2 protein chains.
Amino acid sequence: MSATIKDVAKLAGVSVSTVSLVLNNKPRVSEKTKRKVLRAAEMLNYYPNLMARSLVKKRTNTLGLIIPHTANYVFSFPYFVEIIRGISNTVRSFGYRLMVSTTYAENQKQSSYLQIAREHLIDGFILLDIKLRDERIIELKREQFPFVLVGKDPWAKGISYVDPDDVGGALRAMRHLINLGHERIAFLNGPLDYMVSFDRMKGYRIALAEARLNYDPQLVRHGDFVQESGYQKMREILNSSVDFTAVFAASDLMAMGAMKAIKEKGLRIPEDIAVVGFDDIPGAAFTDPPLTTVRQPIYDIGALAAKILIEILEKKRFKEEHIIMPTELIIRRSCGFKRD
Amino acid sequence: MSATIKDVAKLAGVSVSTVSLVLNNKPRVSEKTKRKVLRAAEMLNYYPNLMARSLVKKRTNTLGLIIPHTANYVFSFPYFVEIIRGISNTVRSFGYRLMVSTTYAENQKQSSYLQIAREHLIDGFILLDIKLRDERIIELKREQFPFVLVGKDPWAKGISYVDPDDVGGALRAMRHLINLGHERIAFLNGPLDYMVSFDRMKGYRIALAEARLNYDPQLVRHGDFVQESGYQKMREILNSSVDFTAVFAASDLMAMGAMKAIKEKGLRIPEDIAVVGFDDIPGAAFTDPPLTTVRQPIYDIGALAAKILIEILEKKRFKEEHIIMPTELIIRRSCGFKRD
DNA sequence: TTGAAAGCGATACCAA
DNA sequence: TTGGTATCGCTTTCAA
C-alpha cells in the first residue's frame with residue numbers, strides 16, 4: 001500500500017503534525033525540518049489521501065458538472081465538449097477536480113446529482129443546458145447548495161451565471177441578412193422552454209423593428225437545436241405557401257438540417273435562400289456552402305463559470321455575477337452578396 | 001450542517017453500529033429496529049458522508065475518465081460525447097460516480113490523472129483515445145493502478161479493452177466501394193501513432209487483395225481525424241496526378257473535409273468521386289449528399305468499458321477481456337450506384 | 001518550532 | 001440481534 005503521513009513522520013523523525021504543517025506550507029517550521037520532511041515524502045512517494053483530508057476539512061475541492069441526459073440535444077452539441085474543456089482546464093488550474101453527473105438515475109429514486117451533493121462528494125455545481133424554471137435550480141436552491149449556471153435564469157436572484165450575448169448575436173445575424181437586402185426572413189428558433197430562445201427571438205424582433213419589417217409568425221418555428229428538427233421545421237415552412245428569401249437558425253446544427261431541406265426542394269443556397277446559423281461549431285466551415293454564423297466563446301464561457309464558482313466557494317466573491325460574453329458574426333458563404 | 005450517523009443513532013435510540021448495519025442492508029437486524037432507524041434517517045434527511053466511508057473502505061466507488069486534451073481531435077469528435085454518455089449512465093447504474101480528468105496539468109509538475117489516482121480519489125481509470133505505446137498505459141501499469149481501454153493496445157498484456165471492429169468496418173466500407181465498381185480508391189487514414197489507423201489500413205488492404213487490386217501508396221494519406229485534415233489531404237491527392245474514383249475516410253469528419261475539397265475542384269459526389277466515412281456521427285445524414293459510412297456502437301462501447309472496469313474492481317472478473325464490437329455499414333447517397 | 005491528542009464520519013470486529 | 005470501540009489518514013487546537 002502507499003505511504004501515509006505516519007510513514008513520512010517516522011522516516012523524517014518528526015511528528016505527524018509537523019509533516020502536515022510542512023506539506024501544507026504553513027509557516028513556523030524551520031528550514032531544516034522542512035527539508036527533512038520533504039525528502040522523506042519524496043522517498044516514500046507520498047501523496048496525501050484526499051478522502052481523509054476532505055473529511056476533516058469538510059471540503060473536497062471537487063466541482064460537479066450536471067449534464068441532463070434527457071435533453072439529447074446537449075450531447076449532439078459539438079460545443080458541449082468545448083465547454084467541458086474550458087471547465088476542466090480551469091478547475092484543474094485552481095487545484096480542483098471535476099465530477100460529472102447526469103440528472104436522472106434510472107433505477108434509483110434520487111436524482112443522482114442531488115445524491116452526490118448530499119453525500120459530500122463535491123463542493124459546488126456547474127449547470128449546463130438551463131431551462132426556464134429549471135428544476136435543478138429549484139432543488140439546489142432549496143438545499144442551499146452552491147452552484148453557477150452556464151446559461152441564464154431571469155428569475156433566479158442570488159445566482160451567478162455566464163452566458164453568451166444571445167440577443168446581440170441574433171441581432172447581428174439578422175442585421176447582416178437585412179443589409180444584404182432580405183426582407184422575409186424565416187426563423188428556426190430553439191425550444192420554447194429555454195431562455196436562450198427568448199433572447200434570440202428578441203434579437204430577431206429588434207432587428208425586424210429596426211428595419212421596419214413586419215414580424216410574421218408564419219415564418220417562425222421552434223425546433224430542438226439538432227439537425228433533424230431544423231430539417232423538419234424548414235420543410236414545414238417550405239411546404240407552406242409563405243415566401244421568404246433567408247433563414248436564421250438558432251443553432252448551426254439546425255442550419256444544417258435546414259440546408260438539407262432547402263436543397264431537397266431544388267433551391268440553391270445562397271442564391272435562392274440565404275442561411276445563417278448560431279454557434280460556429282467546427283463543422284460550420286465545412287457545410288456546402290460554408291455557413292455564415294454567430295460565434296460564441298464557448299471555451300471561455302465554461303472557464304469563467306468554473307472560476308466564478310471556485311471564487312464563491314473560497315469566499316473570495318460574495319455578490320452574484322451575471323456575465324454576458326460577446327458574440328461575433330463569422331461571415332462565410334451561405335448568405336451570398338447583396339440582393340438587388 | 002447535515003445529520004451524521006450519530007444523530008440518527010441518537011434519534012432512533014440505538015448505537016451507531018446498528019445504524020450502519022441497517023443502512024448497509026446487512027442481515028441480522030430485527031425488523032423493528034430497522035424501521036426505527038430508517039424512520040430516523042428519513043426524518044433527519046440523513047445521507048452518509050462518502051468521504052468517511054471511503055476512508056475506511058479504501059474504495060471510493062468513483063471511476064476516472066482520462067481525456068487527453070492535447071489530442072484536440074477528441075474534442076471535435078461528436079462521438080466523444082456519446083461515449084461519455086455510455087460510461088456515465090453505466091457507472092451510475094452500478095452506484096459509481098465519474099470523475100473526468102485531463103492528461104496535462106498546466107502549471108503543475110504532475111500529470112493530473114496520476115495525481116488523482118495517488119490521492120485515492122478514484123478506484124480505476126477508463127482511457128480514451130489510445131495511442132501506440134500510450135504513456136498513460138505505461139504509467140498506470142507501473143503504478144499498478146486498475147484501468148481499461150476504449151481502444152486497443154496490442155502490446156499491453158493483462159489489460160482489458162473494448163474497441164470497435166476497425167478491420168471489419170474498413171473491410172465492409174471497401175467492399176461496398178469495390179462492389180460498386182471502384183478500382184482506384186483513395187484512403188484518408190488517421191494518424192500513424194494510433195492502432196486504429198493500422199487496423200483500418202489492414203481492412204483497406206485486405207479488401208484490395210480480395211479484389212486483386214493493387215495497393216498504391218500514392219492514394220493514401222494520414223490525417224488527424226478532423227475536417228481540416230480531410231480537406232487538406234484530399235486536396236493533396238486531387239492536386240497530384242493520380243487518378244481515383246472513390247475515397248474512404250477513416251472518420252466522418254475527414255470525409256466531410258474531403259467532400260469540401262472535391263466540390264471545390266468542381267467534381268460531383270458520387271458521380272465523379274464516391275465517398276465513404278467512418279463513425280456515423282449525427283451529422284453524417286446531413287452532409288450533401290448524405291454520407292455512407294461505417295457505424296460503430298459508440299454508446300455501448302463506453303458502457304461496456306465501464307462495466308468491465310467495475311467488475312474488475314469488484315473482483316468479479318479476473319482475466320483480461322478483449323472485446324471487439326461489431327460495426328455496420330450505413331448506406332446513404334455518397335457512393336451512388338454501380339459503375340459500368 | 002514541534003508534538004500529543006482530539007476529532008472528522010463512517011465501518012467492522014469482537015463482546016455481550 | 002445489538003453495542004462498544006478501534007481504526008481509516010489527515011488537520012487542528014493546545015501545550016510544551
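Everything numeric here is computed off the predicted structure, so don't read it as measured data. Just so we're on the same page: letters track the sequence lines, and every chain starts at 1.
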Rounded interatomic separation in angstrom, taking [atom1] from [X] and [atom2] from [N]:
X	N	atom1	atom2	answer
B:K6	C:dT11	NZ	C1'	14 Å
A:L44	D:dG9	CG	C1'	15 Å
B:I5	C:dT11	CD1	C1'	8 Å
A:R53	D:dT12	CZ	P	9 Å
A:Y46	D:dG9	OH	P	10 Å
B:L23	C:dG9	CG	P	16 Å
A:H120	C:dA10	NE2	C1'	12 Å
A:N49	D:dT7	CG	P	18 Å

[N] phosphate, OP1 or OP2: any side-chain N/O from [X] under 4.0 angstrom?
X	N	answer
A:Y47	D:dC10	no
B:N24	C:dT11	yes
B:K26	C:dA12	yes
B:S20	C:dA10	no

Taking the side chain of A:K58 as its heavy atoms from C-beta onward, which of C:dG9, D:dT12, D:dC10 lies nearest to it?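 Per side-chain heavy atoms of A:K58, the pick is C:dG9.
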
- Task: Let me know which of B:R118, B:H120, B:Q115 forms a side chain to side chain donor-acceptor pair (under 3.5 Å) with A:Y47.
- Result: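 That would be B:R118.
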
Are there more than 12 heavy atoms of other residues, nucleotides or ligands under 6.0 Å from atom NZ of B:K307?
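It does not: B:K307 NZ has 12 such atoms or fewer within range.
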
Q. Is it true that A:R53 and B:E119 make a salt bridge, defined as a side-chain N closer than 4.0 Å to a carboxylate O?
A.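 Result for this pair is no, no salt bridge flagged.
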
Ion pair present between B:R39 and B:E42, side-chain N to carboxylate O less than 4.0 angstrom?
->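 The answer is no: the pair does not qualify as a salt bridge.
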
Please check this pair: side chain of A:D163 against backbone of A:I324, looking for a donor-acceptor N/O pair closer than 3.5 Å.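 No, A:D163 side chain to A:I324 backbone: no donor-acceptor pair under 3.5 Å.
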
Next on the checklist: Please check this pair: side chain of A:T60 against backbone of A:L121, looking for a donor-acceptor N/O pair closer than 3.5 Å.
Outcome noted: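 Such a contact is found between A:T60 side chain and A:L121 backbone.
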
**Atom of A:F125, atom of A:L65 and distance for their closest heavy-atom approach** =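 For A:F125 and A:L65, the tightest heavy-atom pair comes out as CD2-N, 4.2 Å.
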
Nucleotide N/O to protein N/O under 3.5 Å, stretch nucleotides 1-4 of chain D:
from	atom 1	to	atom 2	distance (Å)
D:dT2	OP1	B:S30	OG	3.0
D:dT2	OP1	B:T33	OG1	3.2
D:dT2	OP2	B:S30	N	2.9
D:dT2	OP2	B:T33	OG1	2.9
D:dG3	OP2	B:S15	N	2.8
D:dG3	OP2	B:S15	OG	3.3
D:dG3	OP2	B:T18	OG1	2.6
D:dG4	N7	B:S17	OG	3.0
D:dG4	O6	B:S17	OG	2.9

